[in-house]
Colleague: 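Structure below; questions to follow.
Counting starts at 1 for both ligands and their atoms, following the listed order.
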Amino acid sequence: MSAPYDVPGATHVYSGKVRDLYDLPNGHLLMVASDRISAYDHALEPPIPDKGEILTRMSLWWFDQLADVAPNHVVSTDVPDVVAGRGIEVERLDMVTVECIARGYLTGSGLADYRASGVVSGIALPPGLTDGSKLPEPIFTPSTKAEYGGHDEPISYEQVADAVGSELAARLRDLTLEVYARGEALARERGIIVADTKIEVGLRGDGTLVLADELLTPDSSRFWPADAWEPGRAQTSYDKQFVRDWLTSPASGWDRASDTPPPRLPGEIVERTRARYVEAYETLTGETFRR
Ligand SMILES: C[C@H](c1ccccc1)n1cc(-c2ncnc(N)c2C#N)cn1
């Protein structure tokens, strides 16, 4: 993994797959989006230039678009130069211990659960759905928060209510589905399907629910190009398809089923992937990403 940034005045406290978190002297946190990219549960090398800045700008844009749905944790983008553009000073919240996930389409672990039992996170779905099917309506499919490197486990709404109380469970469900509905509708108008998304929610001392972490990015959501959507097969990933295709091609020499780490991505794949992140940002926001 690429080392986190040495940020003056900040104390590094956590590294996720692609983001790092720091304590700040004023009691806030500094959230830094790296250029790291992961696929098939592996951290890949090299990083994708500007990915962290592009997805930071995307999150900020979504926080602004959805400000009428819920407040967010952003305090300031005036951060130390070493993380300028990819760092956000955020309000320290009491984070909810549930991964709040909404799905509008069936794929991934939800599809696997559906194929095994017809049920996803305790919700029975109609028969005949396949990979990439649009669900009759978006569903709230919460999961546990796995330790770093582990896999989140799906839980039912009832389990969420048992964990956090029925009133907060209802608020989390409603917020997650509202954020997804608004994000999916806006993205769809611009040719991007947001198949599902994970939001992180924190609580203020007064009980206000606050949108935290990143929001509606290709790292927290599945982005599919709408013009390539075809239920019945694995969908094209808007941002990671070049990486996936190369890693699973003879050109990489990698065996996904092996325990070996993936090989270093070639320059062309890195650049084409960077271009897809730029394209996703510019398509969604209508703004130009100038480095
Ligand atoms: C796992 C996730 C993470 C995000 C970004 C980078 C590394 C980790 N994380 C977020 C908090 C957190 N805690 C208190 N207040 C907050 N506003 C936030 C946020 N965001 C703790 N962990």
Colleague: Give a yes/no verdict on a cation-pi contact between R222 and Y105, requiring under 6.0 Å between NZ or CZ and the six-membered ring centre and an angle within 45° of the axis.
Modeller: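 Judged by the rule (NZ or CZ under 6.0 Å from the ring centre, within 45° of its axis), R222 is not positioned above Y105.
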Colleague: Taking atom OG1 of T273 and atom CD of E271, what is their separation to the nearest 0.5 Å?
Modeller: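 Atom-to-atom, T273:OG1 and E271:CD are 9.0 Å apart.
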Colleague: Backbone N or O of V18 within a donor-acceptor pair of the S34 side chain at under 3.5 Å?
Modeller: yes
Colleague: Could you please provide the protein residues found below 4.0 Å of ligand 1 on a heavy-atom basis, arranged by chain and number?
Modeller: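 Heavy-atom contacts below 4.0 Å: Y14, R19, D20, L21, L29, M31, H73, V90, E91, R92, L93, M95, A212, D213.
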Colleague: Looking at every non-hydrogen atom in both residues, tell me the closest pair between V82 and Y5 and how far apart they are.
Modeller: O-CD2, 3.7 Å
Colleague: Would you confirm whether R36, through its side chain, and K17, through its main-chain N or O, come within 3.5 Å as a donor-acceptor pair?
Modeller: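 Present.
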Colleague: Does R272 qualify as a cation-pi partner of F242, given the criterion of NZ or CZ under 6.0 Å from the six-membered ring centre and within 45 degrees of its axis?
Modeller: yes
